Amino acid sequence: MAAKKLKRQSEQFYSSPEPKRKKIDQEADRCATAFYSQPCESLAKALLGCTLVRETSPTLRLTATIVETEAYLGGEDKAAHSYNGKRTPRNEAMYMDPGTCYVYSVYGTHSCVNVSSLGEGAAVLIRALEPVTGVENMYTRRKSAKKDKDLCNGPAKLCQALDIDKTLNKVDLTSCACLWVEPRSHDLADDDIVCTGRVGVNYAGTEWSNKHLRFYVKGNRCVSRL
DNA sequence: CTAAGGATTTGCT
DNA sequence: GCAAATCCTTAGA
């Protein structure tokens, strides 16, 4: 009986457009609204060590550990797309509920993925992952990657590896059935988190590019740069 | 180091 | 409306 119901739900689920899919059963472990509802810097650090899960088909699940993030605060933060409360069609997701996915394209060909946090226009950029499952499939999209650590060691690389593009903009990570985050399976001490200036934001001036709003797991081979 | 690349925004007419 | 400048990057000299 239950199995039949689940099968029907599953069929409905996979026949609807991917970004619109809602979860059909209890995920074993998925970060919920309470997790995302924390200040940007705090969420950026909390995401380290968590698992980003991307289901691209009924039979293919890609997972990778988050090892590098950056906080974009909105308001005074000149590096943020939402600087000074600016709203555009592009950055709407930054103002949506905590746990909303913000995917934007940069330099034309590349996508980057962020997670909305608590605060107006505040979001966390995911900069690097350590691949865990579905590695072979990642290589099919990451043509130039020679080693596993090259698959996801950059914000646009990870999007390509996990097949994340703008069709996933504005999805709710707490309910989307094809993309979500799972909590840390192991503890991560504060001592193992390195804080530095953010990458690629020199246009914002030294004050904001040097602020320690970039976080990565100390010693991890998959971070985008030293 | 530089070129590529196209979506997005801005600043005009 | 259209043209120009900008860009949270990557791959490959």
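In what follows, every heavy atom counts, from backbone to side chain, and hydrogens, waters and symmetry copies are set aside. Per chain, numbering begins at 1; letters A, B, ... match sequence-line order. None of the values given here were measured: they were computed from a predicted structure.
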* For the salt bridge (charged side-chain N to carboxylate O under 4.0 Å, His left out) test, which of A/Lys45, A/Arg221, A/Lys218, A/Arg127 pairs with A/Glu68? -> A/Arg127
* Classify the side chain of A/Tyr203 versus the base of C/dC8 as yes if they form a donor-acceptor pair under 3.5 Å and no if they do not. => no
* To do: Specify the separation, in whole Å, of atom OH of A/Tyr102 and atom P of C/dC7.
  => 13 Å
* Hey, are A/Arg87 and A/Glu120 close enough for a salt bridge, meaning a charged N less than 4.0 Å from a carboxylate O? -> yes
* **Between C/dT10 (P) and A/Asp150 (CG): distance, integer Å** => 11 Å
* Answer with yes or no after comparing the ring centroid distance for A/Tyr72 and A/His81 against a 6.0 Å cut-off, counting only values under it. => no
* Answer yes or no as to whether C/dT10 has its base stacked against A/Tyr107, where stacking requires a ring-centre separation under 5.5 angstrom and planes under 30 degrees apart. => no
* How do A/Gly200 and A/Gln160 order along DNA chain C: which one's closest nucleotide is nearer the 5' end? -> A/Gly200
* Asked: Under 4.0 angstrom, heavy atoms only, what part of the nucleic acid is A/Arg198 near: base, sugar-phosphate, or nothing?
  -> nothing
* **A/Ser116 (side chain) donor-acceptor with A/Met96 (main chain) under 3.5 angstrom** => yes
* May I have the distance from A/Leu151 (atom CG) to C/dT10 (atom P), rounded to whole angstrom? => 13 Å
Dump every N/O contact between nucleotides 7-9 of chain B and the protein below 3.5 Å, one line per pair.
residue	atom	partner	partner atom	Å
B/dA7	O3'	A/Ser105	OG	3.4
B/dT8	OP1	A/Lys166	NZ	2.2
B/dT9	OP1	A/Thr88	OG1	2.3
B/dT9	OP1	A/Arg90	N	3.1

* To do: Could you tell me whether A/Glu55 and A/Arg61 have a side-chain N and a carboxylate O separated by less than 4.0 Å?
  => yes
* Pairing nucleotide - B/dT9, Watson-Crick or G-U, each distance under 3.5 Å -> C/dA4
* Check whether the side chains of A/Asp148 and A/Tyr139 place a donor and an acceptor atom closer than 3.5 Å, and report yes or no. => yes
* To do: Identify the nucleotide, in any strand shown, that forms a Watson-Crick or G-U wobble pair with B/dC1, with both distances under 3.5 Å; if there is none, say none.
  => C/dG12
* Rounded to the Å, how far apart are A/Leu213 CG and C/dC8 C1'? -> 12 Å
* If you look at every strand shown and take non-hydrogen atoms under 4.0 Å, does A/Ala79 touch a base, only sugar-phosphate, or nothing? -> base
* To do: Report yes if at least one side-chain N or O of A/Arg214 is closer than 4.0 Å to OP1 or OP2 of C/dC8; otherwise report no.
  => no
* To do: Give the nucleotide from the list C/dC8, C/dA11, B/dG5 with an atom nearest to the side chain of A/Ser144.
  => C/dA11
* **Nucleotide C/dT9, atom P - distance to NE2 of A/His110 in whole Å** => 9 Å
* Asked: Closest nucleotide of DNA chain C for A/Ala145 versus for A/Val201: which of these residues is on the 5' side?
  -> A/Val201
* To do: With rounding to the nearest 0.5 Å, note down the distance linking OG in A/Ser82 to CG in A/Leu73.
  => 8.5 Å
* Write down the distance between NZ (A/Lys78) and P (C/dC8), rounded to a whole number of angstrom. => 15 Å
* To the nearest Å, give me how far apart CD (A/Glu68) and P (C/dT9) are. => 10 Å
* Distance in angstrom units between A/His81 NE2 and C/dC8 P, rounded -> 4 Å
* To do: Sort out for me which residue in A/Arg142, A/Arg141, A/Lys143 forms a side-chain hydrogen bond (donor to acceptor under 3.5 Å, both in side chains) with A/Gln160.
  => A/Arg142
